[in-house]
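Everything below concerns the one structure shown next.
This structure is a prediction, so every number in the text was calculated from the model and none was measured.
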Amino acid sequence: MKNMRKKIGIIIGFLSPVVMFCVFEWFTGNLLEIEWIYRILNLMLFFLIYFMVFSFTNSMRAGFTVLNGIFTVWAAAEYYVMEFRGRPIMIWDILAFRTDMTVADAYQYDLTPRIIIGIGIIIIWTGLIWMFPAKLPSRKAVRAAAAFLSAGGMGIFLLVFFQYGISALGMEINMWLPSWSYGQYGYLLSTLRMIDYLSVDSPEGYSLETVQKIEQEIQTGEEEDTPIWDGGEDIVPVNIICIMNESYSDLRVIGDFSTDIPFMSFYDSLEENCIKGELYMPVFGSMTSNSEFEFLTGNSIAFTPSGSVPYQIYMRNPSWGLASMLKEQGYRTVAVHSNEKTNWNRDEAYKSLQFDEFYGIEFFQDSPTIRGYVSDLGDYEKIISLTEGKEEGQPLFIFNVTMQNHGGYETDYESTVHLTEIEGMEMTEQYLSLIRESDQALAFLLGYYEQIDEPTMIVFFGDHQPAVEEEFYEAVCQCALDELSQEDYVRRYITPFFIWTNYETKSMTKERMSAQFLACAVLERANLKWSEFFSFLRQMYRQTPVVHVSGYYTSQWRWESWRGWEEKREYPMFHQFYLLQYHNLFARNRLDRIFTIDGG
């Protein structure tokens with residue numbers, strides 16, 4: 001009887017990694033989608049993890065119970081993140097855990113049959129582990145050998161995978177649709193693949209001498225530079241207020257739909273003293289910090305490791321950009337965010353970006369809220385208090401990140417805007433109702449600054465489109481999302497923007513650009529100076545006004561993907577930009593003079 005229990009225990013021990021792998025991918029919905037070679041590699045990885053824990057603890061009960069718990073929680077988290085955001089948890093999300101927790105209660109976590117069945121199987125299997133535990137022989141030599149073999153096996157697996165496996169298998173994470181890659185490779189193996197993106201290799205041809213040659217070309221180009229967004233006036237604004245509005249977008253860019261009442265009437269009416277148009281953002285549905293990274297630095301997410309979050313790991317001190325250039329020209333630089341300062345590591349990132357002050361949620365203790373978030377109206381009242389409270393004539397730059405429209409559109413909030421031709425889209429209707437609130441708050445904000453004497457510029461844009469029902473997007477597109485061309489799919493990355501002044505400037509109301517170029521327009525409209533790097537961006541804008549992670553638009557508005565980019569006409573310019581961005585973000589001997597006004 002004892003031998004039988006021991007044999008059963010060994011069988012359960014060997015099957016435990018298989019059961020956990022199956023349950024994990026059952027949660028994600030990818031169990032039958034993973035290709036066989038990657039199924040085998042995932043099982044090998046699960047076996048090595050379980051064997052290593054067992055060999056070091058010599059306890060199936062303790063070791064396997066902990067592993068089952070960790071993997072089950074991870075799998076459930078993957079399930080809910082895919083439900084809410086439409087993309088898997090990636091290595092950068094683990095680094096952003098604090099941020100995720102501050103907004104986690106905005107979502108509704110239903111115990112679906114998939115979750116109940118998966119947890120039930122793991123509970124039963126863990127019970128079997130406790131009923132039939134297995135242990136290694138008590139001899140120290142055997143246990144030491146097991147530990148050595150398991151650790152050695154894991155080391156060999158990782159070495160072969162990173163050195164040869166990734167390239168041999170052609171494993172690349174599709175950041176346009178990462179869920180596709182995770183479904184093909186499996187979650188554990190995909191996560192391991194993402195770790196490789198943490199190391200950043202220098203671009204081909206990179207050297208300090210090459211960067212210096214590019215600098216010389218920039219200086220030559222500056223002599224021939226002409227206005228792009230000239231406002232027609234020489235006024236320098238005393239106040240520059242930049243607002244990145246959470247999830248603010250105009251879903252009409254996807255396709256036509258009708259509502260019972262207007263939801264963007266003030267924005268639509270805005271035509272005087274402004275640049276206005278479509279801004280192509282690097283993210284959809286989440287990853288807000290990547291949008292502000294492009295705007296504040298002029299760098300492009302398209303040239304960072306796929307899926308990365310620069311605020312978490314790539315911010316060196318100083319990180320040059322819009323805030324530092326305005327600070328060089330006498331502006332007091334203030335960041336404002338109506339939530340926790342630690343979200344997306346902003347408390348550290350803003351220091352690196354040379355903000356003098358950072359006001360977080362504590363600044364909004366008495367502000368009105370909607371769905372538990374500070375309303376746009378309450379947010380703007382605090383912005384007004386900052387400009388009212390400063391010395392008259394003191395140049396002030398404010399960068400404000402709002403929260404009102406944050407995702408989780410299933411909260412107890414009564415929608416005021418309803419779709420008239422598409423039924424059953426409660427999330428979309430709640431979202432459109434929030435945008436109507438934002439529109440009214442925007443009218444209040446511009447109405448206030450229209451009346452004051454100090455020359456004021458207000459820059460406004462959304463960070464990304466919302467993750468509402470996919471069925472809504474498909475109804476408006478009149479096809480399944482995976483049937484869209486890449487160019488049409490990228491329209492899900494467009495948000496509205498404007499640069500408005502309370503003094504007379506020439507209007508341009510049909511502009512289109514990617515977020516990395518917006519600060520160039522701000523500086524020109526404000527009649528301020530910019531760095532050599534921003535001079536390069538101006539030249540780049542003239543050739544490719546939209547640069548996106550999925551591709552780019554040429555100056556003739558022809559869409560090009562990155563496939564075979566080395567053979568394309570724009571490659572020399574992109575390669576130079578890649579070298580400059582790498583030099584800016586990673587080079588130990590960075591030439592600060594390229595990225596500052598006074599030469600660093």
Side-chain angles (χ1 to χ4, degrees), residues 1-32 34 36-80 89 94 111 113-161 182 185-192 195:
M1 186 66 179
K2 188 175 181 180
N3 288 336
M4 179 61 68
R5 290 179 60 84
K6 184 177 179 180
K7 290 178 181 178
I8 294 174
I10 293 172
I11 293 171
I12 289 173
F14 272 103
L15 289 179
S16 289
V18 179
V19 171
M20 191 67 252
F21 165 73
C22 292
V23 170
F24 196 108
E25 298 299 351
W26 158 260
F27 272 128
T28 66
N30 296 326
L31 184 57
L32 301 179
I34 303 171
W36 276 105
I37 182 63
Y38 301 114
R39 198 182 298 261
I40 292 169
L41 290 173
N42 274 281
L43 283 170
M44 288 176 63
L45 193 52
F46 270 94
F47 267 107
L48 285 167
I49 291 170
Y50 272 77
F51 181 40
M52 190 162 65
V53 168
F54 176 61
S55 64
F56 278 92
T57 63
N58 195 25
S59 173
M60 270 179 54
R61 284 177 172 172
F64 285 14
T65 299
V66 170
L67 286 175
N68 288 350
I70 290 172
F71 282 121
T72 302
V73 170
W74 182 6
E78 294 282 5
Y79 172 82
Y80 286 117
I89 294 175
I94 298 170
L111 282 176
R114 184 180 296 273
I115 292 291
I116 293 170
I117 292 171
I119 292 176
I121 291 173
I122 291 303
I123 290 174
I124 292 171
W125 193 261
T126 303
L128 291 173
I129 290 171
W130 279 77
M131 288 175 61
F132 301 98
K135 286 193 173 186
L136 292 168
S138 57
R139 286 176 294 176
K140 291 183 179 180
V142 174
R143 294 179 60 180
F148 176 79
L149 286 173
S150 63
M154 180 63 80
I156 293 171
F157 180 92
L158 295 176
L159 178 65
V160 172
F161 179 76
Y182 276 63
Y185 305 142
Y187 269 63
L188 194 58
L189 201 66
S190 295
T191 300
L192 195 63
I195 292 174

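Minimum heavy-atom separation, A147 to S55: CA-OG, 3.6 Å. Between S16 and I129 the shortest heavy-atom distance is OG-CD1, 3.7 Å. When all heavy atoms are compared, the tightest approach of L189 to F157 is CD1-CZ, 4.4 Å. For the pair F27 and R114, the tightest heavy-atom approach, listed with the atom from each and the gap, is O-CD, 3.3 Å. Here the shortest heavy-atom pairing between Y182 and S190 reads CA-OG, 3.5 Å. Of all heavy-atom pairs spanning F21 and F46, the tightest one is CD1-CE1, 3.7 Å.
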Subject >> Steps toward side-chain contact (heavy atoms from CB on, under 4.5 Å) verdict (Y38, L41) >> reply: CA-CA 5 Å; Y38 301 114; L41 290 173; 4.3 Å; yes
Check the pair F54 / S150 against side-chain contact (heavy atoms from CB on, under 4.5 Å), numbers first and verdict last. CA-CA 9 Å; F54 176 61; S150 63; over 6 Å; no
Quiz prompt | Worked check of side-chain contact (heavy atoms from CB on, under 4.5 Å) between W130 and T65 | solution = CA-CA 9 Å; W130 279 77; T65 299; 2.8 Å; yes
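Using a 4.5 Å heavy-atom threshold, the side chains of N68 and V19 count as separate. Counting heavy atoms from C-beta on, the side chains of V23 and M20 come closer than 4.5 Å. I12 has its side chain within reach of M60: a pair of non-hydrogen atoms, C-beta onward, lies under 4.5 Å apart. Residues L45 and M154 form a side-chain contact, since some pair of their non-hydrogen atoms from C-beta on lies under 4.5 Å apart. Looking only at side-chain heavy atoms (C-beta outward), V18 and F47 come within less than 4.5 Å of each other. Under the 4.5 Å side-chain criterion, counting only non-hydrogen atoms from C-beta, L188 is in contact with F71. No side-chain heavy atom of I11 sits less than 4.5 Å from a side-chain heavy atom of F132. Side-chain contact between L43 and P17 is absent, with no heavy atoms from C-beta onward closer than 4.5 Å.
Checking side-chain atoms of R39 against main-chain N and O of G186 turns up no donor-acceptor pair under 3.5 Å.
Exactly one of I123, I121, I117 qualifies for a side-chain contact (heavy atoms from CB on, under 4.5 Å) with I119. That residue is I123.
Atom CD1 of I34 and atom OG1 of T28 lie 6.5 Å apart (nearest 0.5 Å). Note: Y187 OH to L192 CG = 16.0 Å, rounded to the nearest 0.5 Å. Interatomic distance, I156 CD1 to L149 CG, rounded to the nearest 0.5 Å: 9.5 Å.
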